[in-house]
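Scroll down for the structure; my scribbles are underneath it.
A quick note: this is a predicted structure, and the numbers were derived from the prediction, not measured.
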Amino acid sequence: MSQRTYFRDDPDPNNDTLERRQFAERTVRALSEIRRQSKSSVAGLIAPWGAGKSTTLAMIVDGLKEHEVTPWTVVDLNPWLYSDVDSLQLGFFVALREALPSDAKWNRTRERIGNFFTAISPAGKVNGLAGVDASSALEAFGEWVAGDVSANALKGKAEIKLEELEKPILFVMDDLDRLTPDELLMVFKLVRLVGRLPNVYYLLSYDEKTLLDLIQQTNIASGNRGRARDYMEKIIQVRFDVPAMRPRQQADLINNAMSEVMARYAIDSSEEDNELFARTFRNHLKNFLTTPRAINRYFAQIDALYDTLHEEVNFIDFTLITFIRTFEPDVYKNLVGSWRSELLGEPVSHLPIRGENPGDKEQRWREMLTGAHVDPSEVSGLYELLLSLFPSLRPTDAFGSRSQDTSLRRGVGSRDYFDRYFNFGVPGDDVSDTALRDLVVSLNEESNPESLNIIRSALLGNTSRVCRKLTRVLPGNDNACAELLPMLADVYPQADHALFSLDGSPLLNLEGVAEVAASGMTASKVGKVIDEMNSHSHGAILASNVVQQLRDKNAGNFPLLHANTSRILGERVAALMRCELASLSTHDFRHVYHWRVTAGKEVVDPKLKSALTDGIWNPLDFAARNISVAISGEVASLSELDFDLLDEVIGLEYFYRSLESDIDATDAPVRRHHYSDTLENRRTLALASLKARRDAQGNVSNNS
């Protein structure tokens with residue numbers, strides 16, 4: 001099967017993948033035997049929709065026309081092409097007339113057939129036959145014979161002459177399963193009652209299930225399946241059932257089609273993904289891909305829509321989502337609709353049902369699938385497929401641990417990639433993996449401000465998602481790592497630190513990318529890059545956080561990163577020590593904390609002590625600046641005074657003594673998460689906290 005034929009639905013007798021030619025040859029021999037034993041007969045070529053009936057029929061027709069002993073005159077009469085039953089009657093008799101030998105001795109026979117037609121179908125009802133001039137056809141048949149001449153008598157006269165035919169006529173009627181119930185009954189009336197003429201045979205091609213459904217809608221069966229089947233048996237004398245695809249043939253068609261699509265896009269799927277498709281095929285897909293048409297239809301969908309997603313999604317996941325879209329459209333609509341939140345594990349909008357255990361959850365999903373019109377026999381297979389694609393549905397990993405998580409493999413179960421499968425492209429609020437990779441590669445080759453700006457805009461648009469992708473593409477691109485770090489420092493203050501987020505904290509995600517970039521850049525560039533980061537307001541703090549993350553990871557650049565980060569933090573704090581604490585912001589003073597963590601207490605604490613005892617820093621504002629800030633949503637409030645830091649730098653007694661009168665005078669309560677972050681509130685909370693700690697320590701001393 002070539003991918004160029006996926007959209008083709010025409011007969012293809014030259015393609016004998018399913019070994020239909022042998023069956024066709026046996027059918028030709030059987031029809032010759034039928035002719036030997038009967039003057040007229042009706043045979044049925046039976047197979048489900050899409051099983052290759054038309055291709056098999058074309059092979060049979062070729063064999064009949066070329067038969068060495070008994071060649072046939074084959075008439076292709078497709079009832080579906082006629083606009084109504086009257087047109088169909090006319091079409092039948094026109095086709096029969098044209099099938100007769102053209103020499104003069106058969107002129108009288110044509111006239112008798114015309115008279116017979118006129119008897120059973122008045123001339124006023126023959127309009128609507130496409131491509132046929134009804135009035136001319138009737139004139140050629142001969143005028144109506146005056147007098148009381150019955151249809152049976154006219155039919156008998158035609159039969160006498162038809163017995164002299166040397167070549168039998170075979171009417172081939174395909175697509176019966178496309179007719180309406182009334183049209184189908186008219187066809188049966190033609191072939192069973194009207195058209196049973198000597199040397200005239202019929203081969204009807206149809207899907208039996210569909211025909212039985214149609215007959216059940218008529219008064220003949222009145223909804224009774226058994227009566228419909230009995231009626232069919234009266235019409236069809238001989239059945240030719242097209243062999244169903246054998247499992248090996250089915251597997252070969254699918255393997256060939258899959259290999260061809262994968263080769264076209266140079267897809268190298270993992271063993272894990274191949275096993276996912278194979279398992280899903282065994283458990284579910286094979287029940288739907290039972291005919292060449294179904295297989296063609298499936299791979300036509302894959303081939304038509306994957307091009308815009310190449311390298312942007314996981315190919316195997318795409319094939320499985322395409323299967324659901326093609327064969328279970330109601331389920332597909334729910335995936336992107338009401339089921340989306342639970343499929344992606346979004347507890348904010350889809351809270352777990354109280355008291356629901358794993359068994360209850362499975363039963364609920366089975367009922368949901370049944371409600372989406374999934375055949376009950378296929379619910380289990382489809383549920384297992386959803387478990388494979390969406391890890392959030394699994395109570396435990398029923399298929400074992402996977403070597404790569406869903407996001408790394410660009411799976412549909414990842415929030416980063418889900419929408420791509422249903423948009424058939426990268427959504428406007430997303431960034432193409434391919435484009436991002438190309439930008440990083442271009443940065444690795446040379447400094448490119450335009451590429452940096454594109455990545456910057458993408459980060460500002462969706463920090464967490466773009467950070468996760470950068471984490472995957474940066475390794476191995478050492479120059480790009482060095483180029484990105486200063487830009488990350490620029491974006492850093494705009495990244496929210498969400499305490500709870502389905503995508504994770506944007507700020508922490510950005511720190512993760514910076515960690516990858518810092519450990520991946522060339523050692524010779526560390527000093528310059530750290531200086532460039534420091535030129536941004538939050539660059540030194542980002543560098544400090546990266547150093548803390550790399551401290552225990554044996555990163556090759558760690559000594560240089562540590563030394564240079566300690567250097568720039570020391571320079572920043574030295575500048576701060578020349579300013580009064582009251583003039584500093586909370587952000588400014590954070591550099592003190594980061595310098596202390598990065599360079600070490602033994603280096604920093606003596607300098608802080610000197611700033612208090614010999615410099616211009618006063619003890620109240622130093623204590624006030626060492627109160628932490630808690631963030632809830634977008635609201636920041638003061639939290640706790642860091643007594644340990646005060647004690648380690650100079651000792652708590654220094655603050656009790658220096659601030660004794662202020663501490664004694666305060667009556668403010670210690671109320672954490674109450675005060676907004678202002679200097680006055682910091683002073684108030686610092687004095688209240690020192691008083692509470694001093695009094696508590698005094699009580700302990702008195703009691704002892």
Side-chain angles (χ1 to χ4, degrees), residues 39-43 57-58 61 64-65 71-145 149 151-176 178-180 182-205 235:
K39 293 182 178 181
S40 181
S41 187
V42 183
L57 194 58
V61 169
L64 290 169
K65 291 179 178 178
W72 293 67
T73 298
V74 179
V75 178
D76 183 8
L77 182 67
N78 192 331
W80 194 57
L81 298 178
Y82 297 91
S83 61
D84 53 41
V85 293
D86 295 324
S87 301
L88 176 58
Q89 285 191 36
L90 175 59
F92 170 76
F93 282 100
V94 169
L96 178 57
R97 173 183 178 276
E98 295 300 319
L100 296 176
S102 58
D103 51 296
K105 73 177 248 183
W106 289 94
N107 289 342
R108 184 59 177 163
T109 304
R110 292 192 188 89
E111 182 181 339
R112 287 174 175 172
I113 290 174
N115 291 336
F116 176 39
F117 166 72
T118 308
I120 64 173
S121 182
K125 294 185 179 181
V126 297
N127 295 320
L129 178 59
V132 173
D133 182 347
S135 61
S136 298
L138 290 177
E139 183 179 350
F141 293 151
E143 298 179 354
W144 175 248
V145 178
V149 181
N152 284 336
L154 294 171
K155 181 181 179 183
K157 292 178 181 180
E159 289 175 339
I160 293 172
K161 294 301 295 181
L162 287 172
E163 287 181 352
E164 300 175 12
L165 274 175
E166 294 181 2
K167 288 176 63 175
I169 297 172
L170 179 70
F171 275 89
V172 173
M173 298 186 182
D174 199 2
D175 296 328
L176 293 191
R178 299 187 185 185
L179 300 176
T180 66
D182 289 341
E183 291 168 341
L184 180 62
L185 292 186
M186 175 52 69
V187 170
F188 287 158
K189 180 178 180 181
L190 281 173
V191 302
R192 181 64 179 171
L193 302 176
V194 178
R196 291 299 294 275
L197 302 166
N199 280 315
V200 178
Y201 300 82
Y202 302 87
L203 181 58
L204 312 183
S205 176
I235 302 297

(Q) Less than 4.5 Å apart, side chain to side chain, heavy atoms only: is that true for I169 and L197? (A) no
(Q) Between V172 and V75, does the side-chain contact (heavy atoms from CB on, under 4.5 Å) criterion hold? Intermediate values first, please. (A) CA-CA 6 Å; V172 173; V75 178; over 6 Å; no
Q: Return the minimal non-hydrogen interatomic distance between P71 and P168, and the atom names on each side.
A: O-CD, 3.6 Å
Q. If every non-hydrogen atom of P79 is compared with every non-hydrogen atom of D174, which pair is closest and at what distance?
A. CD-O, 3.7 Å
Q.
Could you check whether any side-chain N or O of E183 sits under 3.5 Å from a backbone N or O of T180, counting only pairs where one atom can act as donor and the other as acceptor?
A. yes
Q | Heavy-atom closest contact (S40 atom, Y201 atom, distance) | A | CA-CE2, 3.6 Å
Q: Name the orientation class of the two ring planes belonging to F92 and Y202 (parallel below 30°, tilted from 30 to 60°, perpendicular beyond 60°).
A: parallel
Q. Would one find more than 12 heavy atoms of other residues, nucleotides or ligands at under 6.0 Å from atom CD of E163?
A. yes
Q: Supply the atom-to-atom distance I235 CD1 to L185 CG, rounded to the nearest 0.5 angstrom.
A: 9.0 Å
(Q) I'd like to check L100 versus L162 (side-chain heavy atoms, cut-off strictly below 4.5 Å). Are they in contact? (A) yes
Q) Taking C-beta and beyond as the side chain, do M173 and V187 meet within less than 4.5 Å on heavy atoms? A) yes
**Q.** Chi angles and distances behind the side-chain contact (heavy atoms from CB on, under 4.5 Å) call for V61, L203
**A.** CA-CA 10 Å; V61 169; L203 181 58; over 6 Å; no
Q.
Could you check whether any side-chain heavy atom of V200 comes within less than 4.5 Å of a side-chain heavy atom of F171, counting everything from C-beta outward?
A. yes
Q) Hey, what do you get for OG1 (T73) to CG (L170), rounding to the nearest 0.5 Å? A) 9.5 Å
Q: Hey, could you give me the CG/NZ distance between L64 and K167, rounded to the nearest 0.5 Å?
A: 11.0 Å
